[in-house]
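Working notes, beginning with the structure itself.
Computed from a prediction, not measured in an experiment: that's the story for all the values here. To find a chain, count down the sequence lines: A is the first, B the second, and so on, and within it residues start at 1.
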There are 2 protein chains.
Amino acid sequence: MPATSNPNGHFTGHAIAVDVVLLTILGGTLKLLLVKREQAPYRGAWALPGGLVSPEESVDDAALRELQEETNIGNIYLEQLYTFGEPNRDPRGRVITVAYYALVNWQQFQLKARQRVTEASWFPVKRLPPLAFDHRRIVDYALERLRNKINYTTVGFQLLSRQFTLTELQGSYEVILGQRLDKRNFRRKMLQLGILKGTRDFKANGRQRPARLYTFTEPKVIKLQEKGIIVPY
Amino acid sequence: MPATSNPNGHFTGHAIAVDVVLLTILGGTLKLLLVKREQAPYRGAWALPGGLVSPEESVDDAALRELQEETNIGNIYLEQLYTFGEPNRDPRGRVITVAYYALVNWQQFQLKARQRVTEASWFPVKRLPPLAFDHRRIVDYALERLRNKINYTTVGFQLLSRQFTLTELQGSYEVILGQRLDKRNFRRKMLQLGILKGTRDFKANGRQRPARLYTFTEPKVIKLQEKGIIVPY
DNA sequence: TGACAAAGTGTACGGGATACACTATATTTT
DNA sequence: AAAATATAGTGTATCCCGTACACTTTGTCA
């Protein structure tokens, strides 16, 4: 039991953990990064990357550090999701966890993952194995938040490379929302938002007409987030 | 210092606190409930109601309990806001705080608040005194979230009594958004949402024509939250 | 009974969400 | 070199909703 009191009785010790819901698109489906637990409890079970917060670091930093340590991925923007504070969510005793989530482009991540410490793997969110602790609940919460958030922010872009085609962008929205979108309406909407800039490059995808590559123009995003982006359909 | 490790070295103790941003409308302005600190640090300063989480209770329960203890207000819905986890936000040592917020109807609260333990008072959010710890930052964050949330949820209703006039409802939206709304558009929008039910009662407000009282029809709200409520203007 | 003050009501305009199908073109195959 | 392929890329009509805007109604109180 971790709970302790210091001499003056004003503080009670709790263990604080962080857990990271990291999502990507791979093969046209949304996938979640899981690591295999090497210690009890739930030894051998799949779990979210994460671990305990050290006394000297911020909670945000702990999330980044754990992700770095367990999956060798770093330098990404983690958004705080929710804090889960039920007394019995960890069989070892009282552990409160602060959950984070992020979307990453799989290709960029793949490179960094070569020399991993922990066994890690991507699972389609529609077919997850049994998860340790209450991690399933955390994942469900993250997915719900994501589907909501894609309607008024630019999270859909985090899944793509720096340059991307409009078809790829539409695909990331479709995977997150779980529904098909109309090509003409989607393109008109995205282009008129003014956050995309066409490049002179094209992407050849086999034996069809190559598609123009676009980039994301950061500066205009802030204003949009105030107004709220509404995606077609 | 509260930080401790247990024998096996796997757990590190942290103090977990909760803080509650409780808002109401009083005299046409948005007000925040603050309590006067009776102990060091920041003794005598105004602070958010809150305190440390006990080992046996959930974080949500702790927020409700602290609010009950310090202000004698209970039985309200607290929404989790954000977890603040910087290492040096409390001069006593490492304290991570989970912030909550809620809107209440002042008249209902007033009754309950008569017999308070701690000195507490409502302050207009535009003229707050210096606050203890990083509570100012927490308040600012709550206000930002609230202004955002009122556009797609029904938080504006929590400020009112069970029966209310459309003018009162509009007033609560105006106070939160900090801008005037058009009466005709506001009424049309609210009525067509289908979440209001007119009663046969009227509220006489002096020497004008009395206004019809409405109630809020809970069941339809869930569907609306999926679609998102857009308030006129 | 007349003044008061807030309650309550309608319409015109513009923009954007929606529905819907064909042409353009680089690549690969024959 | 011509034909087949498969995705890229494009326009229009409709409808709903957000917006702007001002006068009439009515219970109360002097």
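Between the CE atom of B:Met190 and the C1' atom of D:dG18 there is a distance of 14 Å, given to the nearest Å. Between the CZ atom of A:Phe186 and the P atom of C:dA19 there is a distance of 16 Å, rounded to whole Å. Rounding to whole angstrom units, NZ of residue A:Lys183 and C1' of D:dT7 are separated by 6 Å. Taking atom CG on A:Leu166 and atom C1' on D:dA8, their separation rounds to 10 Å, with Å as the unit. One interatomic measurement links the two molecules: CG of A:Asp182 to P of D:dG11, which rounds to 15 Å at whole-angstrom precision. Taking atom CZ of A:Phe202 as the reference point, atom P of D:dG9 lies 7 Å away to the nearest angstrom. To the nearest angstrom, C1' of D:dA8 lies 12 Å from CD of A:Gln170. If you measure from atom CG of A:Leu191 to atom P of D:dG11, you get 12 Å, rounded to the nearest angstrom.
Smallest separation of non-hydrogen atoms from B:Ala142 and B:Tyr101: CB-CB, 4.5 Å. Considering all non-hydrogen atoms of both residues, B:Thr215 and B:Gln163 come closest at CG2-CG, 3.7 Å.
Among the atoms of the strands shown, base atoms are found under 4.0 Å from some heavy atom of A:Arg188. Heavy atoms of B:Thr165 sit nowhere under 4.0 angstrom from any nucleic acid atom.
Of the candidates B:Tyr214, B:Phe216, B:Phe186, B:Leu169 forms a side-chain contact (heavy atoms from CB on, under 4.5 Å) with just one, namely B:Phe186.
By the 6.0 Å contact criterion, CD on A:Gln192 is enclosed, its count of non-hydrogen atoms from other residues, nucleotides or ligands being greater than 12.
If you find the closest nucleotide of DNA chain C to A:Gln192 and to A:Ala204, the one lying nearer the 5' end belongs to A:Gln192.
Of the listed nucleotides (D:dG9, C:dG8, C:dT18), C:dG8 has the atom at the smallest distance from the side chain of B:Arg209.
Between the base of C:dA7 and the side chain of B:Asn205 there is no donor-acceptor pair shorter than 3.5 Å.
There is no side-chain donor-acceptor pair under 3.5 Å between B:Arg89 and A:Ser58.
At C:dG8, one or more side-chain N or O atoms of B:Arg187 fall inside 4.0 Å of OP1 or OP2 (strictly under the cut-off). Taking side-chain N and O atoms only, A:Arg184 has no distance below 4.0 Å to OP1 or OP2 of C:dC20. OP1 or OP2 of C:dG16 has not a single side-chain nitrogen or oxygen of A:Lys189 nearer than 4.0 Å. Put simply, B:Arg207 has a side-chain N or O that comes within less than 4.0 Å of OP1 or OP2 on C:dA5.
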